[in-house]
Amino acid sequence: MSHGDDRDGLSRTSLEDLERLASAPEVEAWPPEQWNGLRDLAVGRMQRADLPAAARIRWGRLALSALPGTYPEGPSQRMLIGSARVRAYLIGEFGPDGTDPARDLPALRADVMRNLGMPRETAARLAGEWRGLPREQVLRLRYVKNLLSALRPVLPLLEDGGSSTEELRAWLELAPRLP
């Protein structure tokens, strides 16, 4: 398979070959569009109910492995949101598994909370006035909302009664007020 293959070329490649390819040194030369195609393909296959669970989990891991190439500028807001969504989907569909980084529920919750980037009190204050805020602040609040929204599907699994659950619940109650 050459670097010039389009998404259709990827879709005709086996999961095993794509997993090998995604970890091969030569794919570092792939443009972000190629990685994006791989990520889109993997997310689509991860969601196919007609595939066995083990294969769908592998497709989810492949989607996660494509994210750094999709966003070569480094960990970005879109990359963090994309990762959280894939991980939450895998956890929601197949259950949490602390031995699998793609399905580690406490790690997902910690990653989301760590990357919100502002105290909840600040977000709550800005939520009431977001229409008058500078564009950059509105975008920051939108990022917070999108990152939190990724956790909604796994919220019932996060009910451990701890303070981190209460903090997350308070954030999720605030999210609908954000832009």
Side-chain angles (χ1 to χ4, degrees), residues 6-7 10 22 27-47 59-93 96 101-179:
D6 60 13
R7 183 171 168 201
L10 292 175
V27 299
E28 289 180 16
W30 275 10
E33 298 78 23
Q34 185 87 15
W35 284 107
N36 190 48
L38 177 59
R39 186 203 61 200
D40 286 351
L41 173 69
V43 167
R45 299 270 170 92
M46 167 188 79
Q47 296 174 340
W59 281 110
R61 289 187 195 125
L62 185 60
L64 291 170
S65 73
L67 285 169
T70 301
Y71 305 108
E73 68 276 4
S76 66
Q77 293 176 350
R78 293 184 317 179
M79 183 173 154
L80 292 169
I81 292 167
S83 174
R85 286 180 178 158
V86 169
R87 292 164 64 194
Y89 179 85
L90 290 171
I91 292 166
E93 281 290 307
R103 294 174 38 218
D104 186 334
L105 184 58
L108 173 61
R109 174 176 43 196
D111 287 349
V112 167
M113 297 303 288
R114 180 177 53 255
N115 285 294
L116 291 173
M118 70 176 63
R120 184 172 39 86
E121 295 76 22
T122 301
R125 180 178 48 78
L126 295 174
E129 58 191 59
W130 70 263
R131 287 177 179 80
L133 294 174
R135 182 177 189 275
E136 287 305 312
Q137 281 187 306
V138 172
L139 292 175
R140 183 70 189 150
L141 291 172
R142 168 66 70 182
Y143 161 72
V144 168
K145 181 178 187 173
N146 287 335
L147 190 58
L148 288 168
S149 295
L151 290 182
R152 281 207 186 276
V154 296
L155 185 60
L157 300 173
L158 291 167
E159 298 296 333
D160 59 12
S163 62
S164 60
T165 299
E166 291 308 313
E167 176 71 5
L168 176 59
R169 188 173 289 289
W171 270 107
L172 289 170
E173 287 173 9
L174 171 62
R177 296 181 27 222
L178 299 174

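Every heavy atom of this structure was used, including side-chain atoms; hydrogens, water molecules and symmetry mates were not.
- Of the inter-residue distances, the one linking Leu90 atom CG with Leu105 atom CG reads 12.0 Å to the nearest 0.5 angstrom.
- When all heavy atoms are compared, the tightest approach of Val154 to Gly92 is CG1-N, 3.8 Å.
- Here the CZ-OG1 distance, from Arg120 to Thr122, works out to 10.5 Å after rounding to the nearest 0.5 Å.
- With contacts defined as side-chain heavy-atom distances shorter than 4.5 Å, the pair Arg85/Asn146 qualifies.
- Counting heavy atoms from C-beta outward, Arg142 and Val138 have side chains that stay 4.5 Å or more apart.
- Side-chain contact between Leu155 and Arg169 is present, with at least one heavy-atom pair separated by less than 4.5 Å.
- Residues Ile91 and Asp104 have side chains not in contact (no heavy-atom distance under 4.5 Å, counting atoms from C-beta outward).
- Leu151 contributes atom CG, which lies 9.5 Å from atom CZ of Arg87 (distance to the nearest 0.5 angstrom).
- With rounding to the nearest 0.5 Å, the separation of CZ in Arg39 from CG in Leu62 is 12.0 Å.
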Show your working on side-chain contact (heavy atoms from CB on, under 4.5 Å) between Met113 and Leu168 and close with a plain yes or no.
CA-CA 8 Å; Met113 297 303 288; Leu168 176 59; 3.9 Å; yes
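- Taking the side chain as every heavy atom from C-beta outward, Leu133 and Leu141 approach each other to under 4.5 Å.
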Determine, step by step, whether Gln77 and Arg140 satisfy the side-chain contact (heavy atoms from CB on, under 4.5 Å) criterion, reporting the C-alpha distance in whole Å, the side-chain angles of both residues, the deciding distance to 0.1 Å, and the verdict.
CA-CA 9 Å; Gln77 293 176 350; Arg140 183 70 189 150; 2.9 Å; yes
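- The shortest non-hydrogen separation linking Val86 to Gly60 is CG1-O, 3.6 Å.
- Taking every heavy atom of both residues into account, Ala123 and Trp171 meet most closely at CB-CZ3, 3.6 Å.
- Between Lys145 and Pro179 the shortest heavy-atom distance is CD-O, 3.3 Å.
- The closest side-chain heavy-atom distance from Tyr143 to Leu139 is not below 4.5 Å.
- Contact of the Gln34 side chain with the Leu10 side chain is registered, since non-hydrogen atoms from C-beta on lie closer than 4.5 Å.
- The distance from the CG atom of Leu148 to the CD1 atom of Ile81 is 9.5 Å, given to the nearest 0.5 Å.
- The two atoms that bring Ala22 and Leu38 nearest to each other are CB-CD2, 4.2 Å, heavy atoms only.
- Remark: Arg114 CZ to Asp111 CG distance equals 4.5 Å, nearest 0.5 Å.
- When all heavy atoms of Val144 and Leu116 are compared, the closest pair comes out as CG2-O, 3.4 Å.
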